[in-house]
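The block underneath contains the structure these notes are about, expressed in C-alpha coordinates.
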Amino acid sequence: MKNRQPRLGLFCSTHDGILSTNRTIRLASLATDKVIEVATKNLEDFPKIIEFCYEKNITMFRLGNSIVPFASHQKFDKNVWEVLKPLFEVGKNSNKEKNIRLTIHPGQFIQLGSKNPKVVESSLAELRYCCDILDLLDAKDGVITLHLGGTNGDRKATMERFFEVFTKNIWLGKYLALENDEYNFTASETLEVANRCGIGMIFDIFHHSINQSEITWEEIKKSWKEKRPKVHISSQGDGKVGHHADFINEEEFLNLQKFLGDDFFEVDIMIEAKKKEEAIEKIQNLY
DNA sequence: CTGAGTCAAGCTCAA
DNA sequence: TTGAGCTTGACTCAG
(Lines give C-alpha, C1' and ligand atoms only; values in the text may rest on other atoms or scores of the structure.)
Protein backbone atom coordinates (compact mmCIF):
# COMPACT_ATOMS: atom_id res chain seq x y z
CA MET A 1 0.00 0.00 0.00
CA LYS A 2 1.42 3.32 -1.11
CA ASN A 3 1.57 6.21 1.30
CA ARG A 4 -0.81 9.06 0.74
CA GLN A 5 0.45 11.54 -1.86
CA PRO A 6 0.02 15.34 -1.79
CA ARG A 7 -1.89 16.98 -4.65
CA LEU A 8 0.75 18.55 -6.90
CA GLY A 9 0.52 20.70 -10.04
CA LEU A 10 2.52 21.05 -13.27
CA PHE A 11 2.69 24.24 -15.34
CA CYS A 12 2.45 24.96 -19.08
CA SER A 13 4.52 22.12 -20.56
CA THR A 14 6.62 19.09 -19.77
CA HIS A 15 10.25 19.70 -18.88
CA ASP A 16 11.56 18.23 -22.13
CA GLY A 17 9.30 20.69 -23.98
CA ILE A 18 7.81 17.92 -26.12
CA LEU A 19 4.31 18.52 -24.80
CA SER A 20 3.33 22.19 -24.53
CA THR A 21 0.25 24.40 -24.34
CA ASN A 22 2.34 27.56 -24.50
CA ARG A 23 3.58 27.86 -28.09
CA THR A 24 3.16 31.37 -29.39
CA ILE A 25 3.88 33.71 -32.31
CA ARG A 26 5.18 37.26 -32.73
CA LEU A 27 2.69 40.11 -33.09
CA ALA A 28 4.43 40.99 -36.36
CA SER A 29 3.48 37.60 -37.75
CA LEU A 30 -0.10 37.66 -36.45
CA ALA A 31 -2.30 36.10 -39.14
CA THR A 32 -5.35 33.86 -39.00
CA ASP A 33 -3.58 30.82 -40.49
CA LYS A 34 -0.63 31.17 -38.18
CA VAL A 35 -2.79 31.48 -35.06
CA ILE A 36 -4.79 28.40 -36.04
CA GLU A 37 -1.61 26.44 -36.71
CA VAL A 38 -0.05 27.24 -33.33
CA ALA A 39 -3.26 26.97 -31.28
CA THR A 40 -3.96 23.60 -32.93
CA LYS A 41 -0.58 22.28 -31.78
CA ASN A 42 -1.23 23.56 -28.25
CA LEU A 43 -4.71 22.06 -28.13
CA GLU A 44 -3.59 18.74 -29.59
CA ASP A 45 -1.05 18.42 -26.80
CA PHE A 46 -3.64 19.15 -24.13
CA PRO A 47 -5.20 15.64 -23.98
CA LYS A 48 -1.70 14.15 -24.01
CA ILE A 49 -0.73 16.30 -21.04
CA ILE A 50 -3.91 15.27 -19.23
CA GLU A 51 -2.95 11.65 -19.79
CA PHE A 52 0.63 12.39 -18.69
CA CYS A 53 -0.56 14.05 -15.47
CA TYR A 54 -2.95 11.23 -14.74
CA GLU A 55 -0.24 8.61 -15.07
CA LYS A 56 2.21 10.59 -12.95
CA ASN A 57 -0.36 11.23 -10.24
CA ILE A 58 -0.28 14.98 -10.91
CA THR A 59 -3.64 16.50 -10.03
CA MET A 60 -3.41 20.04 -11.38
CA PHE A 61 -2.21 21.65 -14.62
CA ARG A 62 -1.65 25.30 -15.56
CA LEU A 63 -2.51 26.05 -19.18
CA GLY A 64 -0.07 28.26 -21.07
CA ASN A 65 -1.52 31.76 -21.44
CA SER A 66 -0.72 31.72 -25.12
CA ILE A 67 -2.71 28.53 -25.72
CA VAL A 68 -4.60 30.64 -28.28
CA PRO A 69 -1.99 33.33 -29.05
CA PHE A 70 -3.13 36.99 -29.07
CA ALA A 71 -6.74 36.00 -28.53
CA SER A 72 -7.48 39.21 -26.59
CA HIS A 73 -5.64 41.46 -29.06
CA GLN A 74 -7.66 43.89 -31.18
CA LYS A 75 -6.25 42.47 -34.39
CA PHE A 76 -7.24 38.91 -33.50
CA ASP A 77 -9.60 37.24 -35.99
CA LYS A 78 -12.55 35.98 -33.92
CA ASN A 79 -13.46 33.40 -36.58
CA VAL A 80 -10.56 31.37 -35.18
CA TRP A 81 -12.76 30.26 -32.27
CA GLU A 82 -15.16 28.49 -34.62
CA VAL A 83 -12.28 26.57 -36.22
CA LEU A 84 -10.86 25.54 -32.84
CA LYS A 85 -14.17 24.42 -31.37
CA PRO A 86 -13.77 20.68 -32.19
CA LEU A 87 -10.32 20.69 -30.56
CA PHE A 88 -11.73 22.22 -27.38
CA GLU A 89 -14.42 19.56 -27.47
CA VAL A 90 -11.79 16.79 -27.61
CA GLY A 91 -9.82 18.50 -24.84
CA LYS A 92 -12.88 18.80 -22.65
CA ASN A 93 -13.77 15.13 -23.09
CA SER A 94 -10.21 14.02 -22.37
CA ASN A 95 -10.48 15.50 -18.89
CA LYS A 96 -14.05 14.49 -18.12
CA GLU A 97 -13.09 11.38 -16.16
CA LYS A 98 -9.61 12.36 -15.03
CA ASN A 99 -10.61 15.69 -13.49
CA ILE A 100 -7.20 17.31 -13.54
CA ARG A 101 -7.74 20.75 -12.03
CA LEU A 102 -7.05 23.43 -14.65
CA THR A 103 -5.57 26.85 -14.00
CA ILE A 104 -4.25 29.75 -16.05
CA HIS A 105 -1.96 32.59 -15.02
CA PRO A 106 -2.08 35.86 -17.02
CA GLY A 107 1.14 37.90 -17.16
CA GLN A 108 2.35 41.00 -15.33
CA PHE A 109 0.68 43.35 -17.80
CA ILE A 110 -2.73 42.52 -16.43
CA GLN A 111 -3.38 45.42 -14.04
CA LEU A 112 -6.94 45.79 -12.80
CA GLY A 113 -5.83 48.42 -10.27
CA SER A 114 -4.17 50.66 -12.86
CA LYS A 115 -5.03 54.37 -13.06
CA ASN A 116 -5.12 54.11 -16.83
CA PRO A 117 -8.60 53.07 -18.06
CA LYS A 118 -7.10 51.66 -21.27
CA VAL A 119 -4.88 49.33 -19.25
CA VAL A 120 -7.87 48.18 -17.22
CA GLU A 121 -9.84 47.59 -20.40
CA SER A 122 -7.17 45.44 -22.06
CA SER A 123 -6.64 43.59 -18.77
CA LEU A 124 -10.34 42.76 -18.66
CA ALA A 125 -10.18 41.53 -22.26
CA GLU A 126 -7.33 39.17 -21.35
CA LEU A 127 -9.19 37.91 -18.29
CA ARG A 128 -12.32 37.39 -20.40
CA TYR A 129 -10.18 35.24 -22.70
CA CYS A 130 -8.86 33.20 -19.75
CA CYS A 131 -12.44 32.70 -18.58
CA ASP A 132 -13.53 31.55 -22.06
CA ILE A 133 -10.70 29.01 -22.23
CA LEU A 134 -11.71 27.48 -18.89
CA ASP A 135 -15.38 27.50 -19.95
CA LEU A 136 -14.56 25.74 -23.24
CA LEU A 137 -12.69 23.03 -21.34
CA ASP A 138 -15.50 22.80 -18.81
CA ALA A 139 -13.06 23.43 -15.96
CA LYS A 140 -15.53 23.37 -13.11
CA ASP A 141 -12.94 23.94 -10.38
CA GLY A 142 -10.71 26.05 -12.67
CA VAL A 143 -8.65 28.95 -11.32
CA ILE A 144 -7.38 32.15 -12.90
CA THR A 145 -4.33 33.14 -10.88
CA LEU A 146 -3.75 36.89 -10.71
CA HIS A 147 -1.53 39.33 -8.82
CA LEU A 148 -2.86 42.65 -7.55
CA GLY A 149 -0.19 44.28 -9.71
CA GLY A 150 1.77 47.48 -9.16
CA THR A 151 1.10 49.76 -6.20
CA ASN A 152 0.99 52.91 -8.37
CA GLY A 153 2.53 54.91 -5.55
CA ASP A 154 -0.48 54.43 -3.26
CA ARG A 155 -1.25 50.85 -2.26
CA LYS A 156 -4.56 51.63 -0.53
CA ALA A 157 -5.90 53.54 -3.55
CA THR A 158 -4.80 50.75 -5.88
CA MET A 159 -6.51 48.12 -3.73
CA GLU A 160 -9.65 50.26 -3.80
CA ARG A 161 -9.57 50.61 -7.61
CA PHE A 162 -9.07 46.87 -7.96
CA PHE A 163 -12.13 46.23 -5.82
CA GLU A 164 -14.23 48.71 -7.80
CA VAL A 165 -13.30 47.17 -11.15
CA PHE A 166 -14.14 43.76 -9.71
CA THR A 167 -17.58 44.81 -8.49
CA LYS A 168 -18.39 46.18 -11.96
CA ASN A 169 -17.34 42.88 -13.54
CA ILE A 170 -18.81 40.22 -11.31
CA TRP A 171 -18.21 37.52 -13.96
CA LEU A 172 -14.55 37.65 -12.87
CA GLY A 173 -15.52 35.87 -9.66
CA LYS A 174 -16.23 32.57 -11.43
CA TYR A 175 -12.55 31.57 -11.61
CA LEU A 176 -10.44 34.46 -10.27
CA ALA A 177 -8.14 34.07 -7.26
CA LEU A 178 -5.48 36.49 -5.97
CA GLU A 179 -1.84 35.62 -5.32
CA ASN A 180 0.63 37.51 -3.11
CA ASP A 181 3.79 38.70 -4.90
CA GLU A 182 7.42 39.23 -3.94
CA TYR A 183 7.71 43.02 -4.50
CA ASN A 184 4.41 44.78 -4.00
CA PHE A 185 1.43 43.34 -2.16
CA THR A 186 1.98 41.07 0.82
CA ALA A 187 -0.08 37.98 1.63
CA SER A 188 -2.01 39.94 4.24
CA GLU A 189 -2.93 42.78 1.83
CA THR A 190 -3.78 40.29 -0.92
CA LEU A 191 -6.09 38.40 1.44
CA GLU A 192 -7.79 41.65 2.43
CA VAL A 193 -8.72 42.38 -1.21
CA ALA A 194 -9.65 38.74 -1.91
CA ASN A 195 -12.02 38.79 1.05
CA ARG A 196 -13.66 42.02 -0.08
CA CYS A 197 -14.18 40.51 -3.53
CA GLY A 198 -15.29 37.19 -2.06
CA ILE A 199 -12.67 35.17 -3.96
CA GLY A 200 -9.89 32.77 -2.97
CA MET A 201 -6.38 33.84 -2.01
CA ILE A 202 -3.46 31.86 -3.41
CA PHE A 203 -0.68 31.70 -0.85
CA ASP A 204 2.78 31.65 -2.46
CA ILE A 205 5.15 30.68 0.32
CA PHE A 206 8.27 31.70 -1.63
CA HIS A 207 6.96 35.21 -2.31
CA HIS A 208 5.83 35.36 1.30
CA SER A 209 9.38 34.60 2.51
CA ILE A 210 10.69 37.59 0.51
CA ASN A 211 7.76 39.96 1.13
CA GLN A 212 6.59 39.11 4.64
CA SER A 213 3.43 39.85 6.60
CA GLU A 214 1.37 38.42 9.43
CA ILE A 215 -0.93 35.69 8.17
CA THR A 216 -2.37 32.35 9.26
CA TRP A 217 -3.47 29.36 7.21
CA GLU A 218 -6.90 29.40 8.83
CA GLU A 219 -7.77 32.86 7.47
CA ILE A 220 -6.42 32.04 4.00
CA LYS A 221 -8.41 28.81 3.93
CA LYS A 222 -11.63 30.66 4.74
CA SER A 223 -11.33 32.81 1.60
CA TRP A 224 -11.82 29.68 -0.54
CA LYS A 225 -15.20 28.86 0.99
CA GLU A 226 -16.38 25.55 -0.55
CA LYS A 227 -13.59 25.45 -3.16
CA ARG A 228 -10.39 23.45 -2.64
CA PRO A 229 -7.59 25.91 -1.75
CA LYS A 230 -4.56 26.26 -4.00
CA VAL A 231 -1.06 27.34 -2.97
CA HIS A 232 2.28 27.87 -4.74
CA ILE A 233 5.80 26.84 -3.87
CA SER A 234 9.16 27.48 -5.53
CA SER A 235 12.73 27.75 -4.29
CA GLN A 236 15.39 30.40 -4.78
CA GLY A 237 17.57 29.63 -7.80
CA ASP A 238 21.04 30.95 -8.62
CA GLY A 239 21.33 34.64 -9.36
CA LYS A 240 18.70 37.27 -8.62
CA VAL A 241 16.25 37.15 -5.76
CA GLY A 242 12.97 35.71 -6.97
CA HIS A 243 14.52 33.40 -9.60
CA HIS A 244 13.09 29.91 -9.58
CA ALA A 245 15.36 26.94 -8.94
CA ASP A 246 15.35 23.62 -10.85
CA PHE A 247 13.90 21.77 -7.89
CA ILE A 248 12.01 22.45 -4.68
CA ASN A 249 14.09 22.57 -1.53
CA GLU A 250 12.98 19.65 0.62
CA GLU A 251 13.08 21.54 3.89
CA GLU A 252 10.97 24.35 2.41
CA PHE A 253 8.41 21.85 1.20
CA LEU A 254 8.17 20.35 4.66
CA ASN A 255 7.74 23.87 6.04
CA LEU A 256 4.77 24.33 3.73
CA GLN A 257 3.36 21.03 4.97
CA LYS A 258 3.71 22.30 8.52
CA PHE A 259 2.03 25.60 7.60
CA LEU A 260 -0.95 23.76 6.04
CA GLY A 261 -1.27 21.41 8.98
CA ASP A 262 -4.13 18.91 8.74
CA ASP A 263 -5.20 20.34 5.37
CA PHE A 264 -1.92 19.47 3.65
CA PHE A 265 -3.27 16.52 1.64
CA GLU A 266 -6.46 18.39 0.72
CA VAL A 267 -4.79 21.43 -0.84
CA ASP A 268 -3.57 21.79 -4.46
CA ILE A 269 0.11 22.73 -4.54
CA MET A 270 1.54 24.26 -7.73
CA ILE A 271 5.19 23.27 -8.11
CA GLU A 272 7.03 26.17 -9.75
CA ALA A 273 10.37 24.54 -10.51
CA LYS A 274 12.23 24.64 -13.79
CA LYS A 275 12.61 20.87 -13.97
CA LYS A 276 8.84 20.55 -13.61
CA GLU A 277 7.79 16.87 -13.53
CA GLU A 278 11.22 15.78 -12.28
CA ALA A 279 10.84 18.17 -9.35
CA ILE A 280 7.34 16.81 -8.73
CA GLU A 281 8.63 13.25 -8.72
CA LYS A 282 11.29 14.12 -6.18
CA ILE A 283 8.61 15.42 -3.84
CA GLN A 284 6.40 12.39 -4.43
CA ASN A 285 9.31 10.20 -3.42
CA LEU A 286 9.24 11.81 0.02
CA TYR A 287 5.81 10.31 0.68
C1' DC B 1 21.10 23.95 -38.18
C1' DT B 2 22.65 26.91 -34.39
C1' DG B 3 23.10 30.77 -31.47
C1' DA B 4 22.15 35.45 -30.42
C1' DG B 5 18.87 38.84 -30.16
C1' DT B 6 14.28 39.93 -29.42
C1' DC B 7 9.53 39.72 -28.00
C1' DA B 8 2.00 43.28 -26.95
C1' DA B 9 1.05 44.79 -22.93
C1' DG B 10 2.77 47.79 -16.98
C1' DC B 11 5.16 48.99 -13.25
C1' DT B 12 9.18 49.71 -10.09
C1' DC B 13 13.56 51.04 -8.96
C1' DA B 14 18.22 52.41 -9.78
C1' DA B 15 21.11 55.45 -12.14
C1' DT C 1 13.92 60.97 -17.13
C1' DT C 2 15.33 56.79 -18.96
C1' DG C 3 15.93 52.01 -19.29
C1' DA C 4 16.69 47.44 -17.35
C1' DG C 5 14.40 43.84 -15.18
C1' DC C 6 10.62 41.29 -13.87
C1' DT C 7 9.24 35.11 -14.96
C1' DT C 8 10.57 32.49 -18.46
C1' DG C 9 10.18 30.56 -22.70
C1' DA C 10 10.06 30.58 -27.44
C1' DC C 11 10.14 32.95 -31.97
C1' DT C 12 13.08 34.83 -35.69
C1' DC C 13 16.69 35.69 -38.48
C1' DA C 14 21.51 36.01 -39.58
C1' DG C 15 25.22 33.29 -40.38
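Chain letters run A, B, ... following the sequence lines, proteins first, then strands; residues in each count from 1.
Comparing B:dC11, C:dG9, B:dA8 by their closest approach to the side chain of A:K274 singles out C:dG9. Out of B:dA9, C:dA10, B:dC11, the shortest distance to the side chain of A:N22 is found at C:dA10. Comparing B:dA8, C:dA10, C:dC6 by their closest approach to the side chain of A:Y183 singles out C:dC6. For A:K34, counting side-chain heavy atoms from C-beta on, the closest listed nucleotide (B:dA8, B:dT12, C:dT12) is C:dT12. Listed nucleotides B:dT12, C:dA10, B:dA9 differ in distance to A:N152; the shortest reach to its side chain belongs to B:dT12. Side-chain atoms of A:R26 lie closest to C:dG9 of the nucleotides C:dC6, B:dT12, C:dG9.
In the model, A:Y175 has a side-chain atom that pairs as donor or acceptor with a side-chain atom of A:D135 under 3.5 Å. Side-chain contact check for A:T158 and A:R161: at least one donor-acceptor pair (N or O, by modelled atom type) lies under 3.5 Å. There is no side-chain donor-acceptor pair under 3.5 Å between A:S235 and A:N249.
Between A:E179 atom CD and C:dC6 atom C1' there is a gap of 14 Å when expressed in whole angstrom units. The separation between A:D181 atom CG and C:dG5 atom C1' is 15 Å, rounded to whole Å. Atom CD1 in A:I18 sits roughly 12 Å away from atom P in C:dA10 (whole-Å rounding). One interatomic measurement links the two molecules: CZ of A:F206 to C1' of C:dC6, which rounds to 13 Å at whole-angstrom precision. Distance NZ (A:K275) to C1' (C:dG9): 15 Å, rounded to an integer number of Å. Atom CG of A:N65 and atom C1' of C:dG9 are 11 Å apart (whole Å). Atom CD1 of A:I210 is separated from atom P of C:dC6 by 12 Å (rounded to the nearest Å). Look at NE2 on A:H105: it is 12 Å from C1' on C:dT8, rounded to the nearest Å.
Annotation: the span from A:L178 atom CG to A:C197 atom SG amounts to 6.5 Å, rounded to 0.5 Å.
Neither OP1 nor OP2 of B:dA8 sits under 4.0 Å from any side-chain N or O of A:S122. For the OP1/OP2 pair of C:dG9 and a distance below 4.0 Å, the side-chain nitrogens and oxygens of A:S13 include no atom meeting the criterion. The phosphate of C:dC11 (OP1 or OP2) has no side-chain N or O of A:S29 nearer than 4.0 angstrom.
Classification of the A:F88-A:W81 ring pair by plane angle, with boundaries at 30° and 60°, yields tilted.
In a base pair of the Watson-Crick type (N1 to N3 plus N6-O4 or O6-N4) or a G-U wobble (N1-O2 and O6-N3), with each distance short of 3.5 Å, B:dC1 is matched with C:dG15. When both distances must be under 3.5 Å, the Watson-Crick or G-U wobble mate of B:dA8 does not exist.
Nucleic acid contact for A:S114: sugar-phosphate only, since backbone atoms but no base atoms lie under 4.0 Å from a heavy atom of the residue. Residue A:T151 is in sugar-phosphate contact alone, with no base atom involved, counting any heavy-atom pair closer than 4.0 Å across all strands shown. Heavy atoms of A:Q111 sit under 4.0 angstrom from primed sugar atoms or phosphate atoms, though from no base atom.
Across C:dG3 and B:dT6, the matching C1' atoms stand 16 Å from one another, rounded to whole Å. C:dT12 sits 10 Å from B:dA8 when the P atoms are compared, rounded to a whole Å. Across C:dT8 and B:dT2, the matching P atoms stand 26 Å from one another, rounded to whole Å.
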Please assess A:D141 against A:K227 for the test salt bridge (Lys or Arg N to Asp or Glu O under 4.0 Å), listing each intermediate value before the final yes or no.
CA-CA 7 Å; A:D141 55 357; A:K227 289 184 187 172; over 6 Å; no
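Between A:Y287 and A:F264, the gap from one ring centroid to the other is short of 6.0 Å.
The 5' end of DNA chain C is approached more closely, in terms of each residue's nearest nucleotide, by A:F11 than by the other of A:I25 and A:F11.
Ring-base stacking between A:F109 and B:dG10 is not satisfied when judged by a centre separation under 5.5 Å and a plane angle under 30°.
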